[in-house]
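None of these values were measured; they are calculated from a predicted model.
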Amino acid sequence: MKDNDSAIAPVGIAVSTPDAPTAGDPGTAKTAAAKGPGTPKTAATTPGTPKAVTTAPGTHVGRGMLLAALGVAAFSLTFPATAWGLEGMGPWTVVMLRSVLATVPAGAALLAMRVRPPERRHWAGIAVVAGGVVLGFPLLTTLALETSTTSHAAVVVGLLPLTTAACSAVRTGARPSRTFWIASLVGAVVVIGFAVQQSGGVPNRSDLLLFAALVVCAAGYTEGGRLARHMPGWQVIGWALVLALPVTLAGAALALAAEPLELTARSVAGVLWLAVGSQFLGMVAWYRGMAVIGISRASQLQLAQPLLTLLWSVLLLGEHLPPAAPAAALAVLVCIAVTQRTRG
């Protein structure tokens, strides 16, 4: 991975976040080594220097926020796109096809860039990403959406930021501040209360599937964010898709043979978005954003995802926008602002 480490060197500036890389991180070490032993301390401020030390941190944090937000925007379309896909395909067909199709651009990029396989120590984390975000979350949520509305499924997204932050704290040893946790809990309660109230959520089989999806997705996000400090985010999801390909390819063949198939414009468009937008491009932006600003802080941007999903449900599925949406949106934005200002 030596040839690819330079692509993530800027991640080393995100030291203010609780789960940012340490000085021993490969990207940080490479940045330091590039200066050389004889580099004067004032070199960073000379007229010809391309990066100014006084502005780089804010620039990279802003870029990380933008990338994480783009990832959330892509994910907000996942449930409506899944509903479209289910109009003409069975749940197993939708899940397996989206992963197989997403492997095409991911594998092509890995081959075109001649990316070396990850180091042996990273494969366990990649397996968690594959099990969590390539297989587990898509399968569980798709099965849930057979009997649940997209607004009800948004409950799991409301819980995801808090679960991801908790998983990150356990996995990486991060310790966000009390204010961070309070704001996260308030935001999660607002989103959950809003979604449950509007959908009349009563615990049932779909709720159990969504809760299981929440757990496996949080684990996949945490491992992906950690790995994105050692390799570019697109390589993290790319190798996860490649690792899962034997399972998804065999699953797609079996599903196509066992489930009814009626291709429509909406079902095809839904699966294509799930493959290219949600499964690949959204993950690329999301993991890169987490690598820059930290897993716990990036996860709080997902507090806005249920409301975005509801909006897409109105525009794409014809559902009615609940009257409480503006108030809930404002409360969520306040919570996000508080978490982003918290240093932890």
Item to complete: Answer with yes or no whether the side chains of T82 and T142 bring together a donor and an acceptor at under 3.5 Å.
Response: no
Discussion item. Strictly distance-based, threshold 3.5 Å: is any side-chain N or O of S267 a donor or acceptor partner for the main-chain N or O of W84?
Written reply: no
Discussion item. For a quick check under 3.5 Å, do S168 and T222 share a side-chain donor-acceptor pair by atom type?
Written reply: no
Worksheet item: Between OG of S148 and CG of L143, what distance do you get to the nearest 0.5 Å?
Response: 12.0 Å
Worksheet item: What are the two closest non-hydrogen atoms of A228 and A291, and how far apart are they?
Response: O-CB, 3.5 Å
Discussion item. Between T78 and S278, is there a side-chain donor-acceptor contact under 3.5 Å, judged purely by atom types and distance?
Written reply: yes
Item to complete: Any chance you could measure R178, atom CZ, to W181, atom CH2, to the nearest 0.5 Å?
Response: 13.5 Å
Item to complete: Taking atom CH2 of W312 as the centre, report whether more than 12 heavy atoms of other residues, nucleotides or ligands fall under 6.0 Å from it.
Response: no
Practice prompt. Decide whether L70 and F280 are clustered together by the hydrophobic rule: side chain heavy atoms of Ile, Leu, Val, Met, Phe, Trp, Tyr closer than 4.5 Å, transitively.
Written response: no
Discussion item. Name the residue from L241, T248, V242, V247 that meets the side-chain contact (heavy atoms from CB on, under 4.5 Å) definition with L245.
Written reply: T248
Practice prompt. Examine distances only and state if a side-chain atom of Q279 and a backbone atom of V133 form a donor-acceptor pair shorter than 3.5 Å.
Written response: yes
Item to complete: Would you give the length of the straight line joining atom CG of L145 to atom OG1 of T141, rounded to the nearest 0.5 angstrom?
Response: 6.0 Å
Fill in: Side-chain (W123) to main-chain (P118) donor-acceptor, under 3.5 angstrom
yes
Worksheet item: If only atom types and distance count, is the side chain of T93 paired as donor or acceptor with the main-chain N or O of M89 below 3.5 Å?
Response: no
Fill in: Gap separating the NE2 atom of H230 from the CZ atom of R121, nearest 0.5 angstrom
5.5 Å
Worksheet item: If you round to the nearest 0.5 Å, how far is CG of L209 from CG of L214?
Response: 12.5 Å
Worksheet item: Rounded to the nearest 0.5 Å, what separation is found between the OG1 atom of T150 and the CG atom of L77?
Response: 11.0 Å
